[in-house]
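Below you'll find the structure, written out as structure tokens, and then a few comments.
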Amino acid sequence: MRNFFATACLIGSLFTQLGYAAPQDQVKEKQAKVDKFVKDESTVAIQGVLANIGPDGSKVSGAAAGIVVASPSKVDPDYFFTWTRDAALVFKALVDRFIAGDQSLKAKIDDYVSAQAYLQTVSNPSGRPETGGLGEPKFNVDRTAFTGSWGRPQRDGPALRATALIVYAQWLVANGDTARAANTVWPVISKDLFYVSRNWNQTGFDLWEEINGSSFFTLAASHRALVEGNALAGKLGKPCDQCTAQAPEVLCFLQTFWTGSYIDSNINTNDGRTGKDANSILTSIHVFDPTAGCTDSTFQPCSPRALANHKAVTDSFRFYAINAGIPQGVAVAVGRYSEDVYYGGHPWYLATLAAAEQLYDALYQWNRRGSITVDAVSLAFFRDLVPNVATGTYASNSATYKSLTTAVKNYADGYMAVVQKYTPANGALAEQFSKTDGKPLSAADLTWSYAAFLTAAARRNGVVPASWGEPTANRAPGVCKGGIPPCTVSVTFNEVAGTSFGQNVFIVGSISQLASWNPGSAVALASDRYTNENPLWYVTLQLPASTSFEYKYIKKTADGSVTWESDPNRRYTVPDCGSGAATQNDVWR
Ligand SMILES: *[C@@H]1O[C@H](CO)[C@@H](O)[C@H](O)[C@H]1NC(C)=O
Ligand SMILES: *[C@@H]1O[C@H](CO)[C@@H](O)[C@H](O)[C@H]1NC(C)=O
């Protein structure tokens with residue numbers, strides 16, 4: 001095979017030197033090279049991921065079961081920790097791969113579920129489990145808290161973890177193990193969704209752990225998690241009230257990151273940056289829904305906004321020396337953001353792979369829709385690839401559709417070819433590669449780099465994840481409300497009270513939810529479980545967390561006469577936020 005490619009390259013470059021255009025052959029030759037790279041590197045990448053997961057990953061001895069170590073590197077830089085974000089993105093890729101047929105991954109996924117259930121209970125510098133601890137960005141590999149100073153909290157972790165686990169739980173439900181989904185996986189998911197619904201409208205550190213503000217990636221991940229969490233809750237018969245209430249508000253806020261020509265990845269901060277950041281491309285691939293249209297509001301990969309943004313962000317890296325002389329419309333090495341100075345501010349493998357993946361996603365979406373629309377927002381993106389294209393909608397049987405999709409595929413493969421060019425012969429993927437000579441830099445064997453390769457390769461092969469419900473959740477309200485929702489706890493009041501025909505039982509008390517002692521608007525209890533042996537009346541109310549109040553039950557008849565319970569007043573304190581549903585059992589007195 002090597003010789004074949006060498007010969008093909010030689011012929012290709014001869015044609016170029018002689019001035020003969022041989023574009024078709026060159027494209028085929030390039031594709032064949034990328035095909036081979038994708039095939040070979042896929043083996044390296046899955047082995048690279050598994051080598052970094054405890055307890056038996058070959059490069060991470062000491063890591064607990066289900067713990068994803070960011071990189072085996074222990075010095076310069078020390079990445080021998082587990083980040084909630086990295087681990088969730090890695091397991092999202094593994095869960096999708098498992099669902100696509102790799103049965104060998106099930107035990108690892110179950111280990112991940114157990115490890116995360118445990119980590120949620122570990123108090124840490126971000127808080128206790130109920131007071132913000134889920135926003136802690138990283139832990140030691142033995143599952144103890146990391147107590148050094150750090151950019152915390154990072155609120156994308158709970159949202160991304162919820163998504164990885166929701167996709168798995170949906171598979172369990174579809175494959176006859178609803179009990180495991182409901183009893184083992186849902187409790188972890190519900191805590192993360194609760195955290196997201198309580199905290200999305202607060203600032204936190206971005207995925208690069210540098211900026212304290214509102215991060216596009218975090219907010220979009222939050223929206224997706226709330227939407228699919230709500231759907232799963234419905235299937236499992238579990239409550240997810242805040243998911244329904246908050247998801248549209250998060251989507252509303254997300255619209256403000258759009259500048260008119262690209263996505264400003266960090267707002268509510270004075271970061272002195274343009275905001276052109278791989279953050280937004282990573283977002284587009286994370287919220288990719290194969291059943292979605294090219295929706296701008298959710299920044300789908302094929303949406304005009306996401307395509308314009310792809311151009312703005314990738315163009316912002318053309319200043320790297322290794323990108324010099326590469327014309328518009330041809331792939332470049334991509335970093336995090338142009339102002340980056342970390343490790344000297346170089347291109348990242350995972351950012352360059354994300355640039356490819358967004359385009360493979362877009363191709364899938366156009367193909368499924370059977371058309372491409374070029375509008376004023378996306379025109380510049382498309383003109384880099386097909387210079388004379390005009391705005392309009394092109395059906396899949398048109399010549400323009402064919403030339404646009406061919407060009408986008410070729411462009412996407414170009415990003416894979418950049419990664420290929422700067423990947424050493426053994427296929428190892430570090431975190432970065434030099435902007436001047438392309439040599440690997442920073443952490444070796446970065447787990448996220450390998451996972452990023454696996455997802456880009458899967459999309460290139462037309463393998464896509466399940467829908468997260470985007471088509472039912474892409475309408476943002478016209479006016480954004482924001483604000484942190486009041487925390488309520490579900491409390492069920494059971495009152496055993498024998499009543500005569502025509503008499504009903506109500507609850508009334510000192511808080512507004514209990515009609516502020518006004519018997520005329522007291523809250524009715526239900527009697528459908530009432531029997532002679534057990535004359536039970538009951539009602540479930542959402543009450544403000546940690547609130548103390550006094551109350552009594554009353555009996556009312558149709559003519560309006562009221563019988564009060566005897567003194568003294570009853571007293572109750574609603575449990576703290578996030579404590580789960582409570583029950584109060586009373587007997588008429
Ligand atoms: C909270 O939400 C409102 C409404 O979307 C938005 O204007 C505000 O910037 C948000 N603040 C934070 C910190 O998320
Ligand atoms: C992050 O910013 C918020 C204001 O938006 C501030 O209250 C908080 O203290 C900041 N956190 C850190 C660690 O600087």
Side-chain angles (χ1 to χ4, degrees), residues 81 83-85 123-128 131-139 145-160 162 192-227 229-230 241-260 262-275 277 279-280 282-283 286-287 295-299 305 337 339 342 473-487 577:
F81 297 94
W83 271 262
T84 304
R85 165 184 42 260
S123 291
N124 59 64
S126 292
R128 287 181 288 111
T131 61
L134 270 56
E136 179 68 1
K138 71 173 193 182
F139 292 84
F146 166 76
T147 54
S149 69
W150 208 253
R152 58 169 67 93
Q154 295 177 20
R155 307 188 195 281
D156 55 344
L160 298 169
D192 282 337
L193 294 177
F194 187 78
Y195 178 91
V196 170
S197 72
R198 300 281 313 147
N199 292 285
W200 68 266
N201 202 208
Q202 304 203 58
T203 54
F205 282 82
D206 69 327
L207 77 171
W208 309 136
E209 317 195 280
E210 294 170 345
I211 303 246
N212 179 22
S214 297
S215 162
F216 183 67
F217 179 77
T218 300
L219 270 297
S222 300
H223 177 246
R224 174 183 171 155
L226 291 174
V227 169
N230 192 44
D241 310 335
Q242 287 304 333
C243 301
T244 332
Q246 297 301 310
E249 288 305 320
V250 181
L251 185 64
C252 198
F253 182 34
L254 273 170
Q255 308 310 305
T256 55
F257 290 78
W258 175 245
T259 63
Y262 68 91
I263 294 156
D264 182 350
S265 285
N266 294 291
I267 64 173
N268 285 332
T269 172
N270 251 329
D271 60 358
R273 300 185 189 166
T274 64
D277 189 317
N279 171 319
S280 53
L282 288 162
T283 300
H286 180 69
V287 300
T295 327
D296 269 334
S297 66
T298 59
F299 305 89
R305 282 178 175 180
Y337 52 93
E339 303 90 343
Y342 177 67
N474 58 22
R475 266 198 212 115
V479 180
C480 301
K481 285 207 293 282
I484 296 165
C487 186
C577 188

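Every number for a ligand or one of its atoms is a count from 1 in the order of the listing. Since we're looking at a predicted model, the values are computed, not measured.
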Legend entry - Distance filter under 4.0 Å to Cys480 heavy atoms, resulting ligand 1 atoms: 4 (C), 5 (O)
Legend entry - atom 9 (O) of ligand 1: nearest protein contact (heavy atom, Å): Asn268 ND2, 3.1 Å
Legend entry - Cys252 near ligand 1 by a heavy-atom separation under 4.0 Å: no
Inset, instruction - Below 4.0 angstrom from a heavy atom of Ser214, which ligand 1 atoms are there? Numbered from 1 as shown, please. - result: 12 (C), 13 (C), 14 (O)
Inset, instruction - Would you mind telling me if ligand 2 is within reach of the side chain of Trp150, the backbone, both or neither, using heavy atoms under 4.0 Å? - result: neither
Legend entry - Residue, atom name and distance, where the atom is the protein heavy atom closest to atom 4 (C) of ligand 2: Thr203 OG1, 3.7 Å
Inset, instruction - Please state whether the rings of Phe81 and Phe146 are parallel, tilted or perpendicular, taking 30° and 60° as the class boundaries. - result: perpendicular
Inset, instruction - Determine, using ring centers only, whether Phe299 and Phe216 are less than 6.0 Å apart. - result: yes
Inset, instruction - Would you tell me which option among Thr269, Asn201, Leu251 has the nearest heavy-atom contact to atom 11 (N) of ligand 1? - result: Asn201
Inset, instruction - Measure from the side-chain N and O atoms of Tyr342 to the backbone N and O of Trp208, and report whether any donor-acceptor pair falls under 3.5 Å. - result: no
Inset, instruction - Kindly indicate whether the side chain of Ser297, heavy atoms from C-beta on, has any atom under 4.5 Å from the side chain of Gln255. - result: yes
Legend entry - Polar proximity ligand 2 side, Asn212 side, N/O cut 3.5 Å exclusive: yes
Inset, instruction - Indicate whether any N or O donor in one side chain lies under 3.5 Å from an N or O acceptor in the other, for Ser215 and Asn279. - result: yes
Inset, instruction - Go through the side-chain N and O atoms of Trp83 and Gln154 and say whether any donor and acceptor fall under 3.5 Å apart. - result: no
Inset, instruction - Would you check if Tyr337 and Ser280 make a side-chain contact, meaning some heavy-atom pair closer than 4.5 Å? - result: no
Inset, instruction - Measure from atom 14 (O) of ligand 2 to the protein's non-hydrogen atoms and state whether any distance is below 4.0 Å. - result: yes
